[in-house]
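The shown structure was predicted, so the numbers you read here are calculated from the model rather than taken from an experiment. Along the sequence shown, residues carry numbers from 1. Hydrogens, waters and symmetry mates play no part in the numbers below; they use all other heavy atoms, side chains included.
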Amino acid sequence: EAISLVSPIFRDANRTSIRGLMKFPYKVSATGAKNKKETEKTADGSIKWADLVLGLSEISETIPVSWKLEAMAVEEFISYITAELIEQVQDKAVTELIYGSGTEEMKGATIDAIKHEYTGTALDGIGEALGKLGKKQKIGAKVYVATSIVEEISFTKDDNGNYIFTPINGVGVKSVATYPV
């Protein structure tokens, strides 16, 4: 829960996971719906399925406890241990979810990602990436960007020298081309 507050991609992945399940079916292709007249017979549809199999990995941390620490009130002790665990696990969990190699760590989202180099601004790159997606892939799509990309977009100026997004007291970059960021 605490880690999901600092990483949107971790939050989304965490919400769609099923505890203990390592195989997730996904639709490869489907025949799709067809237009028919009211009395005309409709052919049976077909769907081709495949499985996404996740690698097993656990991120853990051991915190030694001294007698002084154990002597704290129970509520203070649990709060302290929880905060320490979150701090130790947070960076590793988020980094592996995105960049993990899949060998002795989580398989990250970027491992099987389509790689594409672009020239120009971050917005140019996002535009090119969205152009690579098909119509169905764009349904419900979200744009995940690094902090450096948000900063670049936030400080980008138009031809008149005005910021595209107000970097002072602004709400940040919440969407690009109607896709949530």
Side-chain angles (χ1 to χ4, degrees), residues 1-19 21-22 24 26-28 50 52-61 63 79-181:
E1 289 288 324
I3 296 170
S4 71
L5 296 175
V6 297
S7 173
I9 194 167
F10 187 88
R11 178 177 52 248
D12 288 352
N14 191 29
R15 286 185 175 178
T16 58
S17 68
I18 301 171
R19 193 179 303 252
L21 185 62
M22 299 302 291
F24 295 87
Y26 67 93
K27 182 171 59 174
V28 174
L52 169 65
V53 181
L54 301 179
L56 182 61
S57 178
E58 178 182 3
I59 297 174
S60 62
E61 177 71 17
I63 299 175
S79 296
Y80 172 78
I81 290 294
T82 302
E84 285 295 316
L85 284 171
I86 289 168
E87 184 180 332
Q88 297 300 319
V89 171
Q90 179 174 284
D91 288 342
K92 185 155 182 67
V94 172
T95 301
E96 280 191 19
L97 177 71
I98 299 169
Y99 303 109
S101 67
T103 55
E104 302 204 18
E105 61 186 19
M106 283 192 277
K107 183 177 179 183
T110 59
I111 293 297
D112 295 325
I114 298 168
K115 293 174 178 46
H116 174 72
E117 291 190 27
Y118 68 94
T119 56
T121 68
L123 287 173
D124 293 332
I126 293 170
E128 285 188 33
L130 291 171
K132 298 266 182 210
L133 300 176
K135 287 181 183 179
K136 286 190 176 186
Q137 292 171 319
K138 289 182 179 183
I139 297 172
K142 292 182 179 180
V143 177
Y144 294 99
V145 295
T147 304
S148 61
I149 298 296
V150 172
E151 289 170 357
E152 179 184 329
I153 293 170
S154 295
F155 293 104
T156 298
K157 295 181 180 181
D158 63 17
D159 292 337
N160 297 322
N162 298 316
Y163 291 107
I164 295 173
F165 293 94
T166 304
I168 301 170
N169 297 326
V171 294
V173 181
K174 298 295 181 192
S175 68
V176 173
T178 72
Y179 298 98
V181 174

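- In plain terms, the two heavy atoms of Ala177 and Leu130 that are nearest each other are CB-CD1, 4.4 Å.
- Between Val173 and Ser154 the shortest side-chain heavy-atom distance falls below 4.5 Å.
- The structure places OG1 of Thr110 at 14.0 Å from OH of Tyr144, a figure rounded to the nearest 0.5 Å.
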Dump the intermediate steps for salt bridge (Lys or Arg N to Asp or Glu O under 4.0 Å) on Glu96 and Lys92, then the final yes or no.
-> CA-CA 6 Å; Glu96 280 191 19; Lys92 185 155 182 67; 2.8 Å; yes

Output, in order, the C-alpha distance, side-chain angles, deciding distance and verdict of side-chain contact (heavy atoms from CB on, under 4.5 Å) for Ile126 and Val143.
-> CA-CA 8 Å; Ile126 293 170; Val143 177; 4.3 Å; yes

Show your working on side-chain contact (heavy atoms from CB on, under 4.5 Å) between Tyr163 and Thr156 and close with a plain yes or no.
-> CA-CA 6 Å; Tyr163 291 107; Thr156 298; over 6 Å; no

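- Within 6.0 Å of the OH atom in Tyr99, the count of heavy atoms belonging to other residues, nucleotides or ligands does not exceed 12.
- Within 6.0 Å of NZ in Lys138 there are more than 12 heavy atoms belonging to other residues, nucleotides or ligands.
- A pairwise comparison of heavy atoms in Ile111 and Gly100 identifies CG1-O, 3.0 Å as the closest pair.
- The backbone N or O of Gly125 lies less than 3.5 Å from no partner atom in the side chain of Glu128, so there is not a single donor-acceptor pair.
- Rounded to the nearest 0.5 Å, atoms CD (Glu152) and CG (Leu123) are 7.5 Å apart.
- Looking at every heavy atom in both residues, Phe155 comes nearest to Pro167 through CE2-CB, 3.6 Å.
- With sequence neighbours left out, the side chain to side chain donor-acceptor pair (under 3.5 Å) criterion links Thr82 to no other residue.
- The closest donor-acceptor contact from the side chain of Asp158 to the backbone of Asn160 lies under 3.5 Å.
- The environment of Lys115 atom NZ is dense: over 12 non-hydrogen atoms of other residues, nucleotides or ligands sit within 6.0 angstrom.
- Taking NZ of Lys157 as the start and CG of Asn162 as the end, the distance is 8.5 Å to the nearest 0.5 Å.
- Checked by atom type and distance alone, the side chain of Thr121 pairs as donor or acceptor with a backbone atom of Asp124 at under 3.5 Å.
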